[in-house]
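To keep things clear, I will list the structure first and then write my remarks on it.
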Number of protein chains: 2
Amino acid sequence: MRLDTRIVLVGTTHPGNIGSAARAMKTMGLHDLALVSPRKPPDDEARARASGALDVLENAQIHEDLDAAIADCHLVIGASARTRRLGAEPVAPPVAARSVVELPPGTRAAILLGRERTGLTNEELDRCHQLVHIPANPDYSSLNLAAATQVLSYELRMAALAATGETGLPEPSRRSQPTATAEELEHLYQHFESVLEELGFLDRSNPRQLMRRIRRLFGRALPDRNEVNIFRGILSAVQGRGSAPRRAAERRGQQDPD
Amino acid sequence: MRLDTRIVLVGTTHPGNIGSAARAMKTMGLHDLALVSPRKPPDDEARARASGALDVLENAQIHEDLDAAIADCHLVIGASARTRRLGAEPVAPPVAARSVVELPPGTRAAILLGRERTGLTNEELDRCHQLVHIPANPDYSSLNLAAATQVLSYELRMAALAATGETGLPEPSRRSQPTATAEELEHLYQHFESVLEELGFLDRSNPRQLMRRIRRLFGRALPDRNEVNIFRGILSAVQGRGSAPRRAAERRGQQDPD
């Protein structure tokens, strides 16, 4: 999944931060980086910090003014750490990401991140259709440029995955088992109950109480079929103990050999 | 909002990354950092990178083994970049964060992040009740330790804010205006229509068409009362033009002077 949202870094002071931002972008599938009058162009430090995202850094467009960097964009979102005197109220990152993902095909969004210390100017914020605010700790809201880029790129990816119904999670391992059905669990509980009876472990004054606790534990854990079979095997082994070891061994043989 | 989830960095190679992780934590309101056999203890580089989160770094507990670091925790979540052969299937960060926030009072969660290159060992992952996976770009999933800590801490904060019904967004500015009511908008549209009639701008064969477009634009923008008043003032100024300049000036006086 390749995300076409442009990240626009405005007036960045330290080139190293540009490299870190490029890396943060690429980890989330973004590749379109624009720089507006950085104090220094990307240097060795920027390239080192970009690491495997050197392509993003080297393809970055450098512009002298913001208008050129966003001229072909349809939705411009500014990252804002403060309350503004006037203008749009900022939204949370998932809301901003959703509005990017819901754009019609063929349109492009830009997310603007300002200077390390002072952010975006009011004139730059006036260029934005929307503001996004990362709800940081009010006592220490100092996300650096790469950290803010990471969080916003992550939310763009999460929104894009949600829109396509993907999870982005690794494929379940091939050996994973189907979740046990209610019937399989009932058989397990019956098996449990007869073993506990044989052991004299059930409270005769309230025999359901213990079974209820066992049901609750297994119910919460949503066991898979193999886990149920393992417990059935253990219960059979207990039943077979001292009386019919061969039967217990046969039952163990019925387990899924995972 | 102070979040008590413990971040456990296991076998960290570079002390600088410990400092960056401490900073990432504090920006999201986390403060409980534990280090399990870091290759080197936090040093000057770590302190420089912790920046304003020096308190988090200096209060970090250092343990020789993982069990000591999580002994008093009730839910242990491991960050995992890979599919495991066996064991829990990982969940996405918002899901893991929700399970932390939904813990009963008095319980504590730990999130484990492994070594820079190799992550957590299978033995360490076996200690985890749950695995969390940041759904990164499969072609370049190289989030550094601070970036992964930032994303997971951010999701913990977002889940905690959601659970308490807070937005974490800056207070709306005191001068923000109430959204215009349907009635206020109808008056605006009537005013618009009479001005467009006076200007001869309405298409006589289909006079509703233009008004419908104007309604759609304003409807999408959900204007506030002051914005409606500004447009009413402009329309009055157009009506007054050349004929009754004093009346237009009076109408302008009715606007909210924001």
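Below, chain A is the first sequence line, B the second, and so on; all start at residue 1.
- Looking at B/Asp139, there are no atoms closer than 4.5 Å to chain A (heavy atoms on both sides), in backbone or side chain.
- When heavy atoms are compared at a cutoff of 4.5 Å, B/Ser153 does not approach chain A at all.
- Contact annotation for A/Leu30: neither backbone nor side-chain heavy atoms come within less than 4.5 Å of a heavy atom of chain B.
- Using a 4.5 Å cut-off between heavy atoms, A/Ser142 contacts chain B through both its backbone and its side chain.
- The most heavy-atom pairs under 4.5 Å with chain A, out of B/Ala147, B/Gly52, B/Gly168, come from B/Gly52.
- Rounded to the nearest 0.5 angstrom, A/Leu169 CG and B/Ile134 CD1 are separated by 11.5 Å.
- Both the backbone and the side chain of B/Ala53 come within contact range of chain A, judged by heavy atoms closer than 4.5 Å.
- Highest contact tally toward chain A, considering only B/Asn137, B/Asn144, B/Leu161, B/Leu143, is held by B/Asn137 [criterion: heavy-atom pairs under 4.5 Å].
- Of residues 4-27 of chain B, those residues with a non-hydrogen atom less than 4.5 Å from any non-hydrogen atom of chain A are, in numerical order, B/Arg23, B/Lys26, B/Thr27.
- Here the options are B/Met158, B/Met28, B/Glu166, the test is side chain to side chain contact (heavy atoms under 4.5 Å, CB included), and the partner is A/Pro135; only B/Met158 passes.
- Surrounding CZ of A/Phe218 are more than 12 heavy atoms belonging to other residues, nucleotides or ligands, all under 6.0 Å away.
- Residues A/Gln150 and B/Tyr154 bring no donor and acceptor atom of their side chains to less than 3.5 Å of each other.
- Counting heavy-atom neighbours within 6.0 Å of B/Arg49 CZ, excluding the residue itself, gives a total above 12.
- For A/Leu3, no part lies under 4.5 angstrom from a heavy atom of chain B.
- Between the side chain of A/Tyr140 and the backbone N or O of B/Gly29 there is no donor-acceptor pair closer than 3.5 Å.
- Looking at A/Thr149, there are no atoms closer than 4.5 Å to chain B (heavy atoms on both sides), in backbone or side chain.
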